[in-house]
Number of protein chains: 2
Amino acid sequence: MSSINLKRLSQELGLSISSVSKALRDSYEISAETKKRVLEMAEKLNYQPNPFASSLRRKKSQSIAVVIPEIANNYFALAINGIQTVAQQKGYHVLTYLTHENSKDQDSTIKHLQGGRVDGVLISLCSDTANSQQLTDLQSAGFPVVFFDRIPDSPGCPTVSTDDFDGGFKATEQLIKTGCKKIAYLRVAGYLSTTENRMRGYLAALDRYNIPQNPKLIIECSNDDEQNQEIIKKALKMRGRPDGILSSVEKLAISTYYACGEINLKIPRDVKVISFSCLRTASLLSPSLSTITPPAFEIGKEAASLLFRMIEKKMFGNRVEKTVIKSVLIERNSSRK
Amino acid sequence: MSSINLKRLSQELGLSISSVSKALRDSYEISAETKKRVLEMAEKLNYQPNPFASSLRRKKSQSIAVVIPEIANNYFALAINGIQTVAQQKGYHVLTYLTHENSKDQDSTIKHLQGGRVDGVLISLCSDTANSQQLTDLQSAGFPVVFFDRIPDSPGCPTVSTDDFDGGFKATEQLIKTGCKKIAYLRVAGYLSTTENRMRGYLAALDRYNIPQNPKLIIECSNDDEQNQEIIKKALKMRGRPDGILSSVEKLAISTYYACGEINLKIPRDVKVISFSCLRTASLLSPSLSTITPPAFEIGKEAASLLFRMIEKKMFGNRVEKTVIKSVLIERNSSRK
DNA sequence: CTGAAAGCGCTTACAG
DNA sequence: CTGAAAGCGCTTACAG
């Protein structure tokens, strides 16, 4: 925008373009005095370098992409906060892309990014991600990609996530200890390792306490809030209805609250609820919601730091980092006796 | 990243670079047959154009910036959702910058953006924005800037916001009608027109119902949640303490709930509460929170649309658009008799 | 309909 | 320490 470029600046100073460029980049080739003059003039004329010229020449975009399923979700909002904190400190720009839980959008986004618009990608997969050729291509081209939260299974991917199995196990254990015998696991569609691992933890806890597994209590939800509310209502009305609910994601817990309200079931008296969630207002809900809370801000920070290490090639050889940050279980009234 | 460029593509096809470029941009100068061949080869080799070369040449970044105070806030998360929806549809990229309510960060961000990295800026001002020379410079250079939610006073700025005065008035009226006589307005620091207008609505409602204004009931909060809780607690303990609270932003309502819990005041029995807020869980809180809810998603969409009209020069002359979208007042238990 | 050439605004290896 | 020149990968006015 600012029409001041190196050419104009160099004319103003009576120097060559190359000297001005070097002075601005603090090159050792330039005398201290010249640097000072250049810097002052740049300031005076409010010179802003053209980022595209620089990126084109240096083959570095100074940008990263964050690809997430949605943003109106406390987890992702907090994670982005962590990512931005690290990126802004590094002087990097952050491009955000929403996939709306749609693998087509996700693929086309990833495809676009191969043009070199960014130096690296942080991605939390959409729930219906099957086998993304685009992603595989991107990675096998040596492009830095870090997965966070919703991560794939394959061993070759650098990931930052929370201990999903452990969270699922402990949450289930909590419900069992308050007397629940029929615990419903609310899962989202798709087969991301995140959901799968949470479910494995749930199943392992049932085994550990000799509670028989019941496939009817594993309830698959969709991306539509209204529809989910109906699904949950139906589950809560069936014969042998659940006396405890473990929700794998925040929004299903909210749908559960609404569903219970509609069919007059009291939480925790009639059904106990616990959910993976970063809801700030968990303790203000009626009743307050027990949560397994992933440290979203830290996960974002960690993922971004890892990505920058990859971008800056500070990784040791081909080692693939798999960072796991523990979630915290906070017992509140929704799962009390 | 992908090392396939126009040169490589043209060699592969036995065509000149210019013809390939034109074919890819669907130029009328190129025959249908050649276009087909080019497109197929581009697909086959997974050609992705280098965005920087294109941006440099065309002086168009195909990107916009969103500058907001924070992201872990339902309002901004929803607004970004609206912005992204419009931008992705237009094939634009979205860069997000957080100012953390800090005018220095805001200024340095704006300064950076003058380099031409984006074609336009959507900004919601940080609370301590005084007189931003950077912003004035940007606008007077003819750079497209649209303000949303937290907007400045000056008539020359295109803005998309909610009817703050009206919201403040109606919320106050609601509290008065349920019997409140001492209504505290919780305001944030700084003098953005948003907060000011909400307060003017509040004051106008007091006047309208012949309730004397009391400066002690206008309580200035900070950006620190813990500190705010103390400030609110103190206000609730003073002689002639408030019997109603109008919170100008969501997070102060949450602090109010916590403050009341700590000093054993029952909402709405001892004090009634209403707040500007986009909290999804407002109706699940204990008690459910009465809100004036700005349509954040629509505001984001509208602001982005306006920005694109400016970028595409589809504006009529110098007309400055000031779009106002009404908020909805939803009465819930926190402000019931 | 196709192609040669200039140029967007930088950076950097090289010469002096 | 300074500068001339090439080139990053595109686009587009122009010539044929």
Side-chain angles (χ1 to χ4, degrees), chain A residues 1-39 41-42 45-63 91 93 112-119, chain B residues 1-39 41-42 45-63 91 93 112-119:
Chain A
M1 245 313 114
S2 111
S3 50
I4 307 290
N5 54 22
L6 278 188
K7 191 174 168 194
R8 173 78 198 288
L9 205 53
S10 65
Q11 284 167 346
E12 213 71 39
L13 286 156
L15 280 166
S16 72
I17 291 178
S18 19
S19 294
V20 175
S21 173
K22 285 176 197 162
L24 289 171
R25 315 201 100 240
D26 201 23
S27 158
Y28 67 96
E29 291 183 281
I30 304 293
S31 73
E33 198 193 352
T34 303
K35 280 182 189 167
K36 188 157 168 281
R37 273 184 64 216
V38 171
L39 256 12
M41 185 59 82
L45 298 184
N46 194 23
Y47 168 73
Q48 293 298 329
N50 181 312
F52 304 120
S54 172
S55 288
L56 177 60
R57 181 59 229 263
R58 306 180 71 205
K59 294 182 177 288
K60 281 211 64 190
S61 67
Q62 286 290 114
S63 304
H93 300 260
H112 258 299
L113 295 175
Q114 290 181 31
R117 188 176 287 276
V118 294
D119 297 338
Chain B
M1 246 310 116
S2 112
S3 52
I4 307 291
N5 53 22
L6 279 187
K7 192 174 166 192
R8 173 76 197 287
L9 205 53
S10 64
Q11 283 167 347
E12 214 71 40
L13 287 156
L15 280 167
S16 73
I17 292 178
S18 17
S19 294
V20 176
S21 173
K22 285 176 197 161
L24 290 170
R25 313 201 101 241
D26 200 23
S27 159
Y28 67 95
E29 291 183 279
I30 304 292
S31 72
E33 197 193 353
T34 303
K35 278 183 189 168
K36 187 156 168 284
R37 273 186 65 218
V38 171
L39 254 13
M41 184 60 82
L45 298 184
N46 193 24
Y47 168 72
Q48 292 299 328
N50 181 313
F52 303 120
S54 172
S55 288
L56 178 59
R57 182 56 229 264
R58 307 181 69 205
K59 293 178 178 292
K60 281 212 64 192
S61 67
Q62 286 290 114
S63 305
H93 299 260
H112 259 297
L113 294 176
Q114 290 180 30
R117 186 175 289 273
V118 294
D119 297 338

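Among the nucleotides D:dA4, D:dT2, C:dC8, the one closest to any side-chain atom of A:Ile30 is D:dT2. Nearest nucleotide to the side chain of B:Leu6, out of D:dT2, D:dC10, D:dT12: D:dC10. Which of C:dG3, C:dC14, D:dT12 sits closest to the side chain of B:Ser21 comes down to D:dT12.
The minimum heavy-atom distance between A:Ser63 and B:Arg117, with the atom names listed, is OG-NH1, 3.6 Å.
Remark: B:Ser16 is not in phosphate contact with C:dT2, judged by side-chain N or O atoms under 4.0 Å from OP1 or OP2. An OP1 or OP2 oxygen of D:dG3 is reached within less than 4.0 angstrom by no side-chain nitrogen or oxygen of A:Lys22. The side chain of A:Ser55 contributes no N or O atom lying less than 4.0 Å from OP1 or OP2 of D:dC8. A sub-4.0 Å separation between OP1 or OP2 of D:dG9 and a side-chain N or O of B:Tyr47 is absent.
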Encoded 5' to 3' (Watson-Crick or G-U under 3.5 Å; [ ] crossing; | other strand), DNA chain D becomes |||.||||||||.|||
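Nearer to the 5' terminus of DNA chain C, by closest-nucleotide assignment, is the contact made by B:Ala32 (compared with the other of A:Ala53 and B:Ala32). Residues B:Ile17 and B:Leu56 both approach DNA chain C. Their nearest nucleotides, taken by heavy-atom distance, put B:Ile17 toward the 5′ side.
Distance, A:Lys7 NZ to C:dG9 P: 8 Å, rounded to whole Å. Taking atom CG on B:Leu9 and atom P on D:dC10, their separation rounds to 9 Å, with Å as the unit. Protein atom CG of A:Asn50 is 11 Å distant from nucleotide atom P of C:dC8, rounded to whole Å. To the nearest angstrom, C1' of C:dC1 lies 14 Å from CZ of B:Arg37.
Among the atoms of the strands shown, only primed sugar atoms or phosphate atoms (P, OP1, OP2) are found under 4.0 Å from some heavy atom of B:Ser31.
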